[in-house]
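The sequence lines fix the lettering, A, B, ..., with proteins before strands; numbering per chain opens at 1.
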There are 2 protein chains.
Amino acid sequence: MAKQVVPEGARQRRRPTRAGTVLSEEMIVHTALRVLREHGSAGLTARRLGAALGADPSTLYRYFAGMDELTRAIGDELMGRALAGWTASGEWRADLRALGRAIHAAYLAHPQAAVLTASRVTGRPREIAVDETILGILRGAGLPDPVAVRVYHAFIDQSLAFAALDAGSLALADETRAVDEEMWRSTYAHLPADSHPNIAATAQLLARRMPHSAYPAALEMLLEHTAAQLARAGE
Amino acid sequence: MAKQVVPEGARQRRRPTRAGTVLSEEMIVHTALRVLREHGSAGLTARRLGAALGADPSTLYRYFAGMDELTRAIGDELMGRALAGWTASGEWRADLRALGRAIHAAYLAHPQAAVLTASRVTGRPREIAVDETILGILRGAGLPDPVAVRVYHAFIDQSLAFAALDAGSLALADETRAVDEEMWRSTYAHLPADSHPNIAATAQLLARRMPHSAYPAALEMLLEHTAAQLARAGE
DNA sequence: GGTGTAAGGTCAACCCTGTTGGCATAAGGC
DNA sequence: GCCTTATGCCAACAGGGTTGACCTTACACC
């Protein structure tokens, strides 16, 4: 059993599995992403992942201490992709906007994985790299440290929180043929106007708006707020 | 088996369980909240809830189609509590702020339950009542319908998203003796300054800030933004 | 008040899950 | 080419959601 997981860097022997594949943390995580996409956010099981890898489920415990650690590794993979799909321009506002959208997009590209991971701090390398980058942008813009930290906190939490929420409805839509969005059209559109006047009056607008993400709007609010803080700091 | 779940309103016969308790949707949900608090967000199981109720696990299927529907009922209970802990003053900004904090507080009062439910739209009565209330505040303030719907969307998603995220770390803290917050103090505080200069420079501030919620700050940003929209609409 | 019906509680069983102890085997340092 | 031991595999465990069949008793009706 996996009394001790060998860290990826220290791995020397690479013994092929019975099916012939050679495992690695990276390929396990990649396969897990595929399994998640194909079988939904609750469909990632040790047995299924083992089958997809052509390996015994228990082999996974040679690479990760448990399904929980594997989950965190998946989250870190998404963070890595977010950072990979981003380049610095030097203009803080554009950079922060682009990074926020990159994070949001990276998670929404794998909604089933995002549901599992977006509401968890992993403490893994690529998540830390993202944190470092954000703080760098804010401090580079000239924000005093206490303000930078406050904005950083709101930024990362907001990005992850919306990623989790938006991924939730996206994954649900994938998995259950848009039950959720249908809810808006069916349930909300037919509420009696006398008991729910405001929903009734805006039902059309709601049905059009709810399937989209509120993240871009929230992000712009944060940028606006940050600009105001920056102006105040510069006085 | 529960081929058909009898809706609570239509329930007529109330047969006591072997242990003598008389079940109802309400008491099942209440008991589930207790079980969640005592056993953590992953500790709500049909068998355990049955034991806590003094009933066979399969009895639950007479009241809910499955654990999933039970989960949604729990979420709706939290929404109901949020709305119950709120009173209208007539001033839109104060009302919206109070409602946002009430939602956030209601969820954080049951972090383990919030983790399970906050990232899901339930479509149940009390959630709808909250939606109606928010729209009422915004439209009552004089926002044009399209703007009201946009702000409503950002408001409810932001509130739920932060509730889920904050509840996550709160529940984790309860369950694993603050592993997460310790991460900030241990992992982040000891990153070398040459590879992570920005984290290193703000480590103290981060350790102080991260255990708190960024929701109040985000909420104020949304209120500010809404006020600006209102001023523009009034021109 | 007696009777019939079926709601609602119970039991046993199904197949699934994560996880582990013991074992076999082959990779790679020497 | 040998030896060590990392790494893959097998079998088994406890506990998960869910269901089909059964039993019992609360209520509607006469």
Side-chain N,O (A:Thr17) to OP1/OP2 (D:dT7) below 4.0 Å: no
Presence of donor-acceptor pair under 3.5 Å, side chain of B:Arg47 and base of D:dG17: yes
Any donor-acceptor N/O pair, A:Thr21 side chain to A:Leu53 backbone, under 3.5 Å: yes
Sugar-phosphate, base or nothing in reach of A:Leu49, heavy atoms under 4.0 Å: nothing
Length of the CG-P vector between A:Leu60 and C:dT19, whole Å: 10 Å
Other residues, nucleotides, ligands: >12 heavy atoms within 6.0 Å of A:Gln204 CD: no
OP1 or OP2 of C:dG8 under 4.0 Å from side-chain N/O of B:Tyr63: no
Presence of donor-acceptor pair under 3.5 Å, side chain of B:Ser58 and base of C:dC11: yes
Nearest-neighbour nucleotide for the B:Tyr61 side chain, D:dG17, C:dG18, C:dT10 considered: D:dG17
Whole-Å gap separating P (C:dT19) and CG (A:Asp56): 14 Å
Euclidean distance, atom CZ of residue A:Arg48 to atom P of C:dC15 [Å, nearest integer]: 17 Å
Distance-only donor-acceptor test (3.5 Å): side chain A:Arg62, base D:dG8: yes
Interatomic distance where CD1 belongs to B:Ile28 and C1' belongs to C:dG9 [whole Å]: 12 Å
Check: D:dG8 base within 3.5 Å donor-acceptor of A:Arg18 side chain: no
Contact under 4.0 Å: A:Arg15 side-chain N or O vs D:dG8 OP1/OP2: no
Earlier contact from the 5' end, DNA chain C, for A:Ala46 and B:Val22: B:Val22
Gap between atoms CD and P, on A:Glu69 and C:dT19 respectively (whole Å): 11 Å
Distance in angstrom units between B:His39 NE2 and D:dG16 C1', rounded: 15 Å
Residues in side chain to side chain donor-acceptor pair (under 3.5 Å) contact with A:Arg48, at least two apart in sequence or another chain: A:His39
Side-chain donor or acceptor of A:Glu127 paired with backbone N/O of A:Gly123 under 3.5 Å: yes
Base D:dT7 paired with A:Arg14 side chain (donor-acceptor, <3.5 Å): no
Rounded interatomic separation in angstrom, taking CG from A:Leu70 and P from C:dT17: 15 Å
Distance in angstrom units between B:Leu23 CG and D:dA26 P, rounded: 14 Å
Side chains of A:Tyr215 and A:Asp166, donor plus acceptor under 3.5 Å: no
